[in-house]
Amino acid sequence: MASKNQTLGEFIIENQSSFKYTSGELSRLINSIRLAAKVVNHEVNKAGLVDIIGAAGDTNIQGEDQQKLDVYANEKFIQTLTNRNIVCGIASEEEDDFITINSQDENHQNKYIVLIDPLDGSSNIDVNVSVGTIFSIYRRITPVGTPVQLKDFLQKGNQQVAAGYIVYGTSTMLVYTTGDGVNGFTLNPAIGSYYLSHPNMQFPKDGTIYSVNEGNYIHFPQGIKNYIKYCQEEEGNRPYTSRYIGSLVSDFHRNMIKGGIYMYPKSSKNSNGKLRLLYECNPMAFLAEQANGKASDGFTRILDIEPTELHQRAPFICGSKNMVNKAEEFMLAAK
Ligand code: P6P
């Protein structure tokens, strides 16, 4: 049983046996993410002081301006994961294609792949609003001993073996699951250790917070418009409170603690929404379900969506189970 103030390292060792692939490799993989997060956190926290904020002058495959911290975070996570000799491949929001990583014995013996959004919400960097890293971990499905293939990355979200995020906020937290609940660890920057601060995190079944960019309201499907109006009606515990940070990790984290729903639906501007299925929706959906929440595209469970492309997008509705169910009711009624 997790005890408060246990360090992340102690927690990983104590719970390693409960993980069905107990090779210890996943523990080393989580440890490498922990290290990379500390390095990125150091830069995020001093971004205002050094020449590292602002656009890097390049754009990623999404056509989005790459912020310097985006590039830095991407390099640090790839470098750290590669050095630990655990993963056979990495896909990143900042990389056009997946990266093949050979094992140190040059025989492609590593079994895990990682998909990552190195710095989500990066448009918030220059205005000192919290940002995050999101990661998703699978076991490869192609034969060990051969180079990783695209199909290893295009697995359904229900095949994830671990997922999590780091939120670089008023404090830096690492929140992750290996399929046995969700636990949150807070970084003590003075000594560089993470401590179990939020054991067994759970979405309240209900909430009174809805998170959506209402600036897109006129472009939303009718069902989403009807649900937003439902949130705003004077009845029972409504109107709800509207809270939208523009950083998925931060909105998700707050809603998981307080209860709430996050929506990035499809619209006439974004036919599949904005969020990427493989390294944003799937890991956050795995965490949501492990915390007794729910995540769908309005009709289908996110974790059951069959991926077809590395950077494909999906409409995303996620949070307190009863709130997501109500939103789905409105989507179905307006279909
Ligand atoms: P908009 C950040 O770019 C992100 O992927 C999520 O973190 C965030 O919730 C969303 O996009 C914000 O998008 O269009 O509302 O600015």
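First listed ligand is number 1; within each ligand, the first listed atom is number 1. Numbering of residues begins at 1 and proceeds along the displayed sequence. For the numbers below, each heavy atom of this structure counts, side chains included, while hydrogens, waters and symmetry mates do not.
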Verify ring-ring contact (aromatic ring centres under 6.0 Å, His included) between Phe203 and Phe252, making sure each step is shown before the conclusion. CA-CA 10 Å; Phe203 266 100; Phe252 180 97; 5.3 Å; yes
Which salt bridge (Lys or Arg N to Asp or Glu O under 4.0 Å) pairs, counting each pair once, include a residue from residues 243-269, with sequence neighbours left out? Asp251-Arg254
Non-hydrogen atoms closer than 4.0 Å to ligand 1: which protein residues do they belong to? List them by chain and number, please. Asp120, Gly121, Asn213, Tyr244, Gly246, Ser247, Leu248, Tyr262, Tyr264, Lys274, Leu275, Arg276, Glu280
Scan for salt bridge (Lys or Arg N to Asp or Glu O under 4.0 Å) pairs involving residues 293-322, sequence neighbours excluded, and state none if there are none. Lys156-Glu306, Glu289-Arg301, Lys294-Glu328, Arg301-Asp304
Out of the candidates Tyr279, Tyr176, Tyr165, Phe77, only one should pair with Phe135 under the side chain to side chain contact (heavy atoms under 4.5 Å, CB included) rule; please name it. Tyr176
Which salt bridge (Lys or Arg N to Asp or Glu O under 4.0 Å) pairs, counting each pair once, include a residue from residues 79-97, with sequence neighbours left out? Glu93-Arg276
Look at atom CG of Asn128 and say whether more than 12 heavy atoms of other residues, nucleotides or ligands are closer to it than 6.0 Å. no
